[in-house]
Student: 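To start, I am sharing the structure in question, which I have written as structure tokens.
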Amino acid sequence: MTQPAFENTDTPRGLAFAIAAYLMWGFLPLYMKALSHIPAAEVVSHRVIWSVPVAGALLLILRRTRDLQAALKNPRMLGMACITAALISVNWGIYVWSIASGRALDAALGYYINPLFSIALGAFLLREPLTKAQMAAVALAAAAVVVLTVEAGSVPWVSIGLTLTWGFYAFFKKSLPIGPNQGFLLEVLILLFPALGYFAYLAATGSGSFGGSFSDSLLLLGCGVVTAVPLIIYANGAKLVRLSTMGILQYIAPTMIMLAAVLLFGEEFGRARMIAFPMIWAALVIYSIPMVRQMRKRPG
């Protein structure tokens with residue numbers, strides 16, 4: 001069965017989907033902050049468990065379960081999905097911990113650096129040539145990390161961890177020969193068994209938060225919606241807008257995370273961040289200018 005061809009253009013529906021997804025990710029720290037009293041591993045396990053029915057219901061509605069059934073019988077595809085599942089689970093764990101531990105600014109920095117890391121990843125692993133502008137952008141980002149490391153006396157592992165896990169997740173996700181909605185459900189199904197095992201352990205030892213209070217249980221149940229819905233909306237929006245447009249829109253979420261960290265969570269920006277963040281922003285401007293020029297040259 002041939003796949004329908006998608007035009008390489010920006011559609012109003014695609015823009016609405018993409019912007020909605022990034023806005024949801026921008027507001028996600030507020031939700032995770034409400035769960036900050038619960039250990040990150042427990043929150044991640046509930047993100048996995050309750051994402052399964054949400055993603056599963058969508059595939060049933062769209063009648064796209066056949067591809068998932070075929071993937072479950074394909075050892076190579078299962079192996080690739082295990083890699084992406086492991087990467088996204090570690091990414092979720094770092095993210096949840098960073099918000100709960102007052103490190104939301106580090107999380108924002110990690111997602112700012114991510115597109116620049118993707119450029120470097122393509123150059124090293126795919127032998128994609130770098131333009132002078134891209135090399136300058138990557139160098140500025142690396143210098144910003146050095147500034148933070150020297151000032152703090154340690155590597156900003158939260159930022160680097162989020163950058164590495166999400167960057168490699170996106171890299172391997174491109175090689176997963178299955179639709180984005182089916183791929184997401186496949187990943188959470190793989191993670192479901194360890195998540196349920198951990199949930200059972202917490203329940204047996206009486207150390208779990210689920211069922212302890214109505215508010216905590218409701219928030220943990222909602223983890224499936226706040227995890228699956230933005231990813232699904234993003235995946236569908238990505239088909240209806242140009243890659244360059246998505247490259248510009250992706251700055252919405254880390255900007256909102258940064259503002260929430262400073263204005264709502266009271267995190268200190270600090271001297272090192274006052275130096276490092278403008279360096280990252282300058283790198284992103286250098287990185288984005290060619291995309292903007294390309295967008296202007298295209299018709300419509």
Side-chain angles (χ1 to χ4, degrees), residues 1-4 6 13-14 17-18 20-25 28 31-32 35 40-96 162 165-200 210 219-241 246 250 253:
M1 182 176 177
T2 58
Q3 294 295 325
F6 294 100
R13 187 182 175 197
F17 278 153
Y22 282 120
L23 287 175
M24 289 178 186
W25 279 324
L28 186 59
Y31 195 94
M32 290 300 149
L35 290 165
E42 185 175 359
V43 174
V44 171
S45 69
H46 283 277
R47 292 188 74 173
V48 170
I49 292 168
W50 305 117
S51 287
V52 172
V54 176
L58 177 67
L59 285 192
L60 287 172
I61 293 170
L62 297 176
R63 297 180 180 179
R64 293 180 181 173
T65 57
R66 187 173 298 176
D67 289 345
L68 180 65
Q69 292 172 356
L72 290 170
K73 298 175 183 177
N74 187 323
R76 180 175 178 273
M77 197 178 299
L78 275 176
M80 294 171 65
C82 284
I83 294 173
T84 58
L87 287 166
I88 196 62
S89 63
V90 174
N91 181 271
W92 287 348
I94 297 173
Y95 177 81
V96 172
L162 288 172
T165 52
W166 184 260
F168 278 109
Y169 172 75
F171 176 81
F172 287 113
K173 185 81 168 178
K174 288 182 180 180
S175 304
L176 194 63
I178 191 173
N181 296 332
Q182 298 95 315
F184 174 69
L185 180 54
L186 179 60
E187 289 163 356
V188 289
L189 282 174
I190 290 170
L191 296 170
L192 182 61
F193 296 102
L196 285 174
Y198 186 60
F199 175 78
F210 190 78
L219 285 170
L220 290 171
L221 276 170
C223 281
V225 174
V226 301
T227 298
V229 170
L231 276 169
I232 291 168
I233 291 176
Y234 168 83
N236 288 276
K239 298 177 182 178
L240 302 173
V241 297
M246 282 302 239
Q250 68 182 321

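These values consider heavy atoms only, across backbone and side chains, with no hydrogens, waters or symmetry-generated copies. From a predicted model like this one, the values you see are computed outputs, not experimental measurements.
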Student: What is the distance from atom CG of L87 to atom OG of S89, rounded to the nearest 0.5 Å?
Tutor: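 Rounded to the nearest 0.5 Å, the CG-OG separation comes to 7.5 Å.
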Student: Going through the checks in order, is the side chain to side chain contact (heavy atoms under 4.5 Å, CB included) test met by L189 and L68?
Tutor: CA-CA 11 Å; L189 282 174; L68 180 65; 4.1 Å; yes
Student: Within this structure, what is the CD1-CE distance for the pair I178 and M77, rounded to the nearest 0.5 Å?
Tutor: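 With rounding to 0.5 Å, CD1 (I178) is 5.5 Å from CE (M77).
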Student: Of all the heavy-atom pairs spanning S51 and C223, show the shortest one and how long it is.
Tutor: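 Closest approach of S51 to C223: OG-O, 4.5 Å.
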Student: If you measure from CG on L58 to CD on Q182, what distance do you get to the nearest 0.5 Å?
Tutor: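 Rounded to the nearest 0.5 Å, the CG-CD separation comes out at 9.0 Å.
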Student: How many angstroms lie between atom CD of Q250 and atom CH2 of W25, to the nearest 0.5 angstrom?
Tutor: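 If I round to the nearest 0.5 Å, the distance is 10.0 Å.
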Student: Is any side-chain heavy atom of L192 less than 4.5 Å from a side-chain heavy atom of I49?
Tutor: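 Yes, their side chains come closer than 4.5 Å.
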Student: Do you know which two heavy atoms are closest between A55 and I232, and how far apart they sit?
Tutor: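 So the two residues come closest at CA-CD1, 4.4 Å.
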Student: Check the pair W50, V225 against side chain to side chain contact (heavy atoms under 4.5 Å, CB included), reporting the backbone distance first and the verdict last.
Tutor: CA-CA 7 Å; W50 305 117; V225 174; over 6 Å; no
Student: What are the two closest non-hydrogen atoms of A40 and G93, and how far apart are they?
Tutor: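 So the two residues come closest at CB-O, 4.1 Å.
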Student: Any side-chain heavy-atom pair from E42 and Y198 closer than 4.5 angstrom?
Tutor: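 A side-chain contact exists here, since the closest heavy-atom pair is under 4.5 Å.
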Student: Side chains of L219 and H46, heavy atoms from C-beta outward: is any pair under 4.5 Å?
Tutor: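 No, too far: nothing below the 4.5 Å cut-off.
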Student: Atom CD in E187, atom OG1 in T84: separation rounded to 0.5 Å?
Tutor: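 Those atoms lie 3.5 Å apart.
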Student: What pair of heavy atoms forms the shortest contact from G56 to L185, and how long is it?
Tutor: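 What the structure gives for the nearest pair is CA-CD2, 3.8 Å.
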Student: Where does the angle between the aromatic ring planes of Y169 and W166 fall among parallel (under 30°), tilted (30 to 60°) and perpendicular (over 60°)?
Tutor: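 The arrangement is tilted - the two ring planes meet at 30° to 60°.
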Student: Going by heavy atoms in the side chains, are L191 and I88 under 4.5 Å from each other?
Tutor: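 Side-chain contact under 4.5 Å: yes.
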Student: Are side-chain heavy atoms of V96 and R47 found at a separation under 4.5 Å?
Tutor: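 A side-chain contact under 4.5 Å exists here.
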Student: For the atom pair CG (L72) and CG (L186), what is the distance rounded to the nearest 0.5 Å?
Tutor: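 Reported to 0.5 Å precision, the distance equals 6.0 Å.
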Student: Show the nearest heavy-atom pair for residues T165 and L162, with the distance to one decimal.
Tutor: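 T165 and L162 have their closest heavy atoms at OG1-O, 3.3 Å.
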Student: Is the W92 ring parallel, tilted or perpendicular to the F184 ring (thresholds 30°, 60°)?
Tutor: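 Geometry flag for F184 against W92: perpendicular rings.
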Student: Of all heavy-atom pairs between A85 and I190, which one has the smallest distance, and what is that distance?
Tutor: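 For A85 and I190, the tightest heavy-atom pair comes out as CB-CG2, 4.3 Å.
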